[in-house]
**Student:** 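One structure coming up, written as structure tokens, with questions to follow.
Order of the sequence lines sets the chain letters (A, B, ...), proteins ahead of strands, with each chain counted from 1.
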Number of protein chains: 2
Amino acid sequence: MNCPSLDKLTTELAKLPGIGPKTALRLSYFILRSPNKYVNELSNSLTDVKDKIQLCSKCYCYTEQDICHFCLDPHRSDNTLCIVENPSDISQIDSSGVFRGRYHVLHGVISPMEGIGPDDIKAKELFKRIEAVKDTDLAITEVILALDADLEGDTTALYIAKTLKTYDIKVTRIAHGVPIGGDIDYIDHRTLGRALENRVQL
Amino acid sequence: MNCPSLDKLTTELAKLPGIGPKTALRLSYFILRSPNKYVNELSNSLTDVKDKIQLCSKCYCYTEQDICHFCLDPHRSDNTLCIVENPSDISQIDSSGVFRGRYHVLHGVISPMEGIGPDDIKAKELFKRIEAVKDTDLAITEVILALDADLEGDTTALYIAKTLKTYDIKVTRIAHGVPIGGDIDYIDHRTLGRALENRVQL
């Protein structure tokens, strides 16, 4: 088509996850046909999230203020802490409605293969946070690790559990097993193995 | 998450074709994690296509100049015209390498159901263009209709063919049939019917 700006947009869109070159081209044509108002709003909202959103200075989740609303909410328990890898995990866990404590985002997991050590994630910040409230009313009594059940998640969970040994804190990990509504016929062997190991007495 | 700018970006992304609310949210988080440089480039390239790209004043395909490179190319025949619905169709047809004439983009097809008549597409412009070169060296001798094989495509093809009756112009339509490499077992009946009707003598 010999339109450098169209090629450029297609290249940039194809860098998004799950968007291949063909989809990117289709999206570019859609943008070209769209009203200016929509394209400007999309363009502005892209830069807006980068300008406005920062990490909460307590739990490191995304917020537009200094402290996020999870940390400010007076109806949440200060004594339980749920540890997640990414800010997006919080939305998922919170919409389950079961957990009403505070969160802490690691922004990564320990991965020796990729050269990511404990210092590259917000682990030090977690320990500092726990240490700061020790022997107060706000002291953490339980840390729930909501990390993936892969090698990196296991390593990170083990590291945190080990470091917290010196504290009087119950360290738990969310259960991995057969999903609700899942058909045992279609569940992989590792999940089924974990579900058997972690069986619950009725 | 209580981040209005994140919600806004997700809403805008979800308006793109093929992007549902879950994918939009995943893309929003990707944008948040991406370096500023990338997000700025994506944001600018969105507005850039709208600012820089216009319709070619001859064939109505997308171009950054007044006349597109298809219309300017001296190695293309001026006497055959390929009619397409959308500018994106041109890239597809051109990459087949078979057609070396000029193009004309209708920007739509006649659809009585949707209230789109001949005046709502670039049909008048097509006839004016043909009329303008009549009895010159540049006179159109063949018009190839590369429109979809649906009701709207058929209606539009018929309308153009009928209007061009008064001219000494061969009006053809691209063949619809079994795709190359297509398995007859899996081809729908209408396509197969069309392939039989339009059988070619060897």
**Student:** Of all of B:Leu13, B:Ile53, B:Ile19, which one pairs up most often with chain A through heavy atoms under 4.5 Å apart?
**Tutor:**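 Max contact count across the listed options: B:Ile53.
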**Student:** Quick one: which of A:Leu42, A:Leu27, A:Ile90 has the most heavy-atom pairs under 4.5 Å with chain B, could you say?
**Tutor:**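 Greatest number of close heavy-atom pairs with chain B: A:Leu42.
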**Student:** Using a cut-off of under 4.5 Å on heavy-atom pairs, state which of B:Leu32, B:Leu6, B:Val39 scores highest against chain A.
**Tutor:**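 Among the listed options, the one with the most contacts to chain A is B:Leu32.
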**Student:** Side chain, backbone, both or neither: which part of A:Leu16 has a non-hydrogen atom closer than 4.5 Å to chain B?
**Tutor:**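 Contact with chain B involves both backbone and side-chain atoms of A:Leu16.
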**Student:** Please look at A:Cys61 and chain B and tell me whether the side chain, the backbone, both or neither of the residue comes under 4.5 angstrom of a heavy atom of that chain.
**Tutor:** side chain
**Student:** Taking atom CD1 as the centre, does A:Ile184 end up with more than 12 heavy-atom neighbours from other residues, nucleotides or ligands that are less than 6.0 angstrom away?
**Tutor:**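 No - once you tally the heavy atoms of other residues, nucleotides and ligands closer than 6.0 Å, there are 12 at most.
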**Student:** Output all donor-acceptor pairs under 3.5 Å across chain B and chain A; consider backbone as well as side chains.
**Tutor:**
unit_1: B:Ser5; atom_1: N; unit_2: A:Glu64; atom_2: OE2; d: 2.8
unit_1: B:Ser5; atom_1: OG; unit_2: A:Glu64; atom_2: OE2; d: 2.5
unit_1: B:Lys8; atom_1: NZ; unit_2: A:Glu41; atom_2: OE1; d: 2.5
unit_1: B:Glu12; atom_1: O; unit_2: A:Tyr38; atom_2: OH; d: 2.7
unit_1: B:Tyr29; atom_1: OH; unit_2: A:Ser91; atom_2: OG; d: 3.3
unit_1: B:Leu32; atom_1: O; unit_2: A:Lys50; atom_2: NZ; d: 3.0
unit_1: B:Ser34; atom_1: O; unit_2: A:Lys50; atom_2: NZ; d: 2.3
unit_1: B:Tyr38; atom_1: OH; unit_2: A:Glu12; atom_2: O; d: 2.7
unit_1: B:Glu41; atom_1: OE1; unit_2: A:Lys8; atom_2: NZ; d: 2.5
unit_1: B:Ser43; atom_1: O; unit_2: A:Ser43; atom_2: OG; d: 2.9
unit_1: B:Ser43; atom_1: OG; unit_2: A:Ser43; atom_2: O; d: 2.9
unit_1: B:Ser43; atom_1: OG; unit_2: A:Ser43; atom_2: OG; d: 2.8
unit_1: B:Lys50; atom_1: NZ; unit_2: A:Leu32; atom_2: O; d: 3.0
unit_1: B:Lys50; atom_1: NZ; unit_2: A:Ser34; atom_2: O; d: 2.3
unit_1: B:Glu64; atom_1: OE2; unit_2: A:Ser5; atom_2: N; d: 2.7
unit_1: B:Glu64; atom_1: OE2; unit_2: A:Ser5; atom_2: OG; d: 2.5
unit_1: B:Ser91; atom_1: OG; unit_2: A:Tyr29; atom_2: OH; d: 3.3

